[in-house]
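Got a structure for you, written out below as structure tokens; questions coming shortly.
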Amino acid sequence: MAVGSAISSPLGPASCDKDAKALQFVEETTRNADLVQERVLAEILARNANTEYLKRFNLNGATDRDSFKSKLPMITYEDLQPEIQRIANGDRSPILSAHPISEFLTSSGTSAGERKLMPTIQEELDRRQLLYSLLMPVMNLYVPGLDKGKGLYFLFVKSETKTPGGLLARPVLTSYYKSEHFKTRPYDPYNVYTSPNEAILCPDSFQSMYTQMLCGLIQRNQVLRLGAVFASGLLRAIRFLQLNWTQLVHDLKTGTLNPRITDPVLKETMTRILKPDPEMSNFISKECSKEDWEGILTRIWPNTKYLDVIVTGSMAQYIPTLDYYSGGLPLACTMYASSECYFGLNLNPMCKPSEVSYTIMPNMAYFEFLPHDPNSAGCTTRDSPPKLVDLVDVEVGKEYELVITTYAGLCRYRVGDILRVTGFHNSAPQFHFVRRKNVLLSIDSDKTDEAELQKAVENALQLLKEFNTSVVEYTSYADTKTIPGHYVIYWELLVKDSANSPSEEVLSRCCLAMEESLNSVYRQGRVADNSIGPLEIRVVKNGTFEELMDYAISRGASINQYKVPRCVNFTPIMELLDSRVISTHFSPALPRWTPERKR
Ligand code: AMP
């Protein structure tokens, strides 16, 4: 089939045979959502019938929904800890999955301060690959001509470790980029990247970012889309350009490579790509030296049609900054996925961020939904076991928590995401990502909950004891005006002996003490990824939190039920707090972090 001639598909005219097949697959799978779900569950239960886990619940080889639903409990990561620990320690017996666990994927969700370890099996790579293969065919329905240029994507691998039993533990994207699926992907004119594999796969984050940026600059006129996984990642790349453009421009002018690029394979690759181009170098230098970086992305990459980054969930906080740097280019959120399982895709990727809905693909896993009452604490009692709803039975407008049963052996596992049904594509529901449960603060992939923040404050308080000083009240704020963003903690102090009040030095050490007790994803963001800036304490005047309460009550809060919000982002509240700040303090050093896990 000639490129450019449209092939009809129920989703729209596909641009080539390959796209038509992919769109056909989406159609068929969503049309038969319930049947596909039934088949997926039967497949999972049949192959795992002899696992220790399924035997424990006396499933006796049954593969039907009723037996499954009546016998298997809904669980959280904590419930599976013992099994996961045994697998990590080297037990290769079929505990959760009949297929051997090929590696652990380290989630950005944490348990006891460490990344959760998600067991996975080799064939899951095929399933992830399948979901990826649907993204461009859908995008091509909305943006023509993507085969006429390239995508500048900032993609990175992160450090990996081995569990005591010798299994690799690494993030899902690191696993994917290092797989043959990615490294030896067949040429697809609609999906060509400016970054060579060697740059993406370089474990040193500076060298990787530098060379990806350099390749993006060299091919600036061919770039049709710009992206990173999350919005925070693309902003980090812009910040990198701000900090490094003079050296990049030098390399472009002379055709020589920054000596900080020392990885031999990467150096070799770059030598082949880099040629002196004084004209381009001058142009970039002129643009970057301007005081005002508004619209910088479209100035440097003038043919960019959209930014491909996730801006749903906690990433929505970056939309205004992305708009500023891109001059308001469309933002495309293409997929919804996790370490546990890849869930689905956005069938209308050029829609406004506030309207993004993800269609869960029924072939990826068996999906159930726990009704979530936005007004309740979300507790379920023993007397009334929660009734889980099947994929095709969810109701438009209602909120649910996602519960999955995967091929790798997670059974009725609570992911922790709250989703709202916005509609259906055929019989597959589409969901708005509402939020992740229990997340108070998030800058990048870090997720800090209320208990972790409380513990961090308590940790810092130890340093104030000798000054007879305590923290009367506190709240927090994710400040994303800086790149990278950082946590701000507002403290109201009670200094009992003003002659011996804590010094500036002590208060900055309090910042570091808080960082030391935050979870390892936060600390990795600070230390290895440079995706989170130093934590800041803003000390506010005495009486500020009482004013905050007065304000809340004036807006209708009940005096009896008023609780200090542990995180704020409502502008009038921020203005009130900031107008009462008497001193600010930043973490003076990096917290401790190593790729090794505590457990
Ligand atoms: P991880 O466990 O580190 O793989 O992170 C997976 C989590 O990231 C999901 O459970 C969601 O909470 C979040 N996430 C992934 N994709 C999206 C998306 N498209 N929009 C909002 N949040 C997302």
Side-chain angles (χ1 to χ4, degrees), residues 76-77 84 103-111 114-120 124 128 131-132 134-135 138 156 158 169-177 227-234 307-319 331-349 351-361 364-365 367 369-370 372 399-404 406 408 410 413-420 422 430-449 519-522 524-525 529 531:
T76 64
Y77 183 81
I84 288 186
E103 60 183 316
F104 279 110
L105 302 176
T106 52
S107 158
S108 60
T110 55
S111 165
E114 293 290 334
R115 287 174 181 273
K116 290 176 184 164
L117 289 176
M118 295 301 168
T120 191
E124 276 294 290
R128 285 179 213 125
L131 194 64
Y132 282 127
L134 305 176
L135 304 183
V138 171
F156 301 94
K158 295 197 182 180
R170 55 188 180 177
V172 62
L173 289 173
T174 300
S175 163
Y176 177 66
Y177 299 144
V229 179
F230 290 114
S232 53
L234 189 56
L307 303 184
D308 189 344
V309 280
I310 291 177
V311 287
T312 40
S314 66
M315 289 294 147
Q317 61 191 339
Y318 294 109
I319 295 173
L331 297 166
C333 294
T334 57
M335 72 188 283
Y336 170 43
S338 76
S339 314
E340 293 92 322
C341 173
Y342 278 25
F343 306 123
L345 75 172
N346 180 0
L347 292 178
N348 185 14
C351 69
K352 285 197 277 189
S354 57
E355 286 164 12
V356 171
S357 286
Y358 298 103
T359 303
I360 289 194
M361 285 299 287
M364 300 302 289
F367 298 102
F369 297 84
L370 176 64
H372 173 80
E399 290 190 4
Y400 299 89
E401 185 184 335
L402 181 60
V403 177
I404 55 172
T406 66
L410 299 177
Y413 175 94
R414 295 173 79 158
V415 173
D417 289 347
I418 307 293
L419 310 174
R420 185 170 50 248
T422 55
Q430 303 185 294
F431 295 92
H432 169 71
F433 182 92
V434 179
R435 64 188 171 85
R436 194 174 170 98
K437 275 192 326 183
N438 302 329
V439 175
L440 201 62
L441 288 165
S442 174
I443 293 288
D444 188 31
S445 52
D446 54 302
K447 300 168 176 66
T448 297
D449 68 20
N519 65 47
S520 80
V521 180
Y522 175 90
Q524 181 171 4
D529 304 344
S531 59

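These numbers were taken from a predicted model, which means no experiment stands behind them. Because only heavy atoms are used, hydrogens play no part in the values below, and waters and symmetry mates are left out as well, while side chains stay in. Whatever order the structure lists ligands and atoms in, that order sets their numbers, starting from 1.
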Self-check item: Sequence-distant partners of Y336, ring-ring contact (aromatic ring centres under 6.0 Å, His included), two or more places apart
Solution: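 Applying ring-ring contact (aromatic ring centres under 6.0 Å, His included) to Y336 gives F343, Y358, F433.
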Exercise. Applying ring-ring contact (aromatic ring centres under 6.0 Å, His included), name anything that partners F230, two or more places apart in sequence or on another chain.
Key: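 ring-ring contact (aromatic ring centres under 6.0 Å, His included) list for F230, sorted by chain: empty.
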Quiz item: Any idea which atoms of ligand 1 are less than 4.0 Å away from a heavy-atom of S338?
Solution: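 By the 4.0 Å cutoff, the relevant atoms are 4 (O), 6 (C), 10 (O).
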Exercise. Work out whether the distance between some heavy atom of M315 and some atom of ligand 1 is less than 4.0 Å.
Key: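 M315 does not count as a contact of ligand 1 under the 4.0 Å cut-off.
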Exercise. Could you check atom 2 (O) of ligand 1 against the protein and tell me its nearest heavy-atom contact, residue, atom and distance included?
Key: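 Result for atom 2 (O) of ligand 1: S107 OG, 2.8 Å.
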Quiz item: Which residue and non-hydrogen atom of the protein lie closest to atom 20 (N) of ligand 1, and at what distance in Å?
Solution: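 That would be T312 OG1, 2.6 Å.
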Quiz item: Step by step, would you call R128 with T120 a side chain to side chain donor-acceptor pair (under 3.5 Å)?
Solution: CA-CA 12 Å; R128 285 179 213 125; T120 191; 2.9 Å; yes
Quiz item: For Y413 and Y77, what are the C-alpha separation, side-chain angles and deciding distance, and is it a side chain to side chain donor-acceptor pair (under 3.5 Å)?
Solution: CA-CA 7 Å; Y413 175 94; Y77 183 81; over 6 Å; no
Exercise. Determine the minimum heavy-atom distance between P171 and T106, stating which atoms define it.
Key: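 What the structure gives for the nearest pair is N-OG1, 3.1 Å.
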Practice problem: Look only at the side chain of D444 and the backbone of D446, and say whether a donor-acceptor pair between them is shorter than 3.5 Å. | Solution: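 Not confirmed, D444 side chain does not pair with D446 backbone.
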Quiz item: So does K158 pair up with D529, basic N to acidic O under 4.0 Å?
Solution: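 Looking at K158 and D529, the cut-off is met.
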Practice problem: Provide, to 0.1 Å, the distance between atom 12 (O) of ligand 1 and the closest protein heavy atom, together with that atom's residue and name. | Solution: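 For this ligand atom, the closest protein heavy atom is D417 OD1, 2.8 Å.
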Quiz prompt | For R436, atoms of ligand 1 separated by under 4.0 Å from a heavy atom | solution =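 Close to R436: 7 (C), 9 (C), 10 (O), 12 (O).
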Quiz item: For atom 17 (C) of ligand 1, what's the nearest protein heavy atom and its distance?
Solution: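 For atom 17 (C) of ligand 1, the nearest protein heavy atom comes out as Y336 CD1, 3.6 Å.
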Quiz item: Going by the order shown, which atoms of ligand 1 are within less than 4.0 Å of some heavy atom of M335?
Solution: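 So the atoms of ligand 1 that pass are 19 (N).
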Exercise. Report the member of G313, S445, A337 with the shortest heavy-atom distance to atom 8 (O) of ligand 1.
Key: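 It is A337 that holds the nearest heavy atom.
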Quiz prompt | Side-chain donor or acceptor of S442 paired with backbone N/O of K447 under 3.5 Å | solution =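 Not a single qualifying donor-acceptor pair exists.
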Quiz item: Who's the nearest protein heavy-atom neighbour of atom 3 (O) of ligand 1, and how far?
Solution: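 Answer, as residue, atom name and distance: S108 OG, 2.5 Å.
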Quiz item: Closer than 4.0 angstrom: is that true for some heavy atom of V172 and an atom of ligand 1?
Solution: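 The answer is no, since V172 has no heavy atom less than 4.0 Å from ligand 1.
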Exercise. Give the intermediate values and the outcome of side chain to side chain donor-acceptor pair (under 3.5 Å) for residues T359 and Q430.
Key: CA-CA 4 Å; T359 303; Q430 303 185 294; 2.8 Å; yes
Quiz item: Looking at Y358, which atoms of ligand 1 are within less than 4.0 Å of one of its heavy atoms?
Solution: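 The list of qualifying atoms is 18 (C), 19 (N), 20 (N).
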Exercise. Please could you name the atoms of ligand 1 that S339 approaches to less than 4.0 Å, counting only its heavy atoms?
Key: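 Result: 1 (P), 2 (O), 3 (O), 4 (O).
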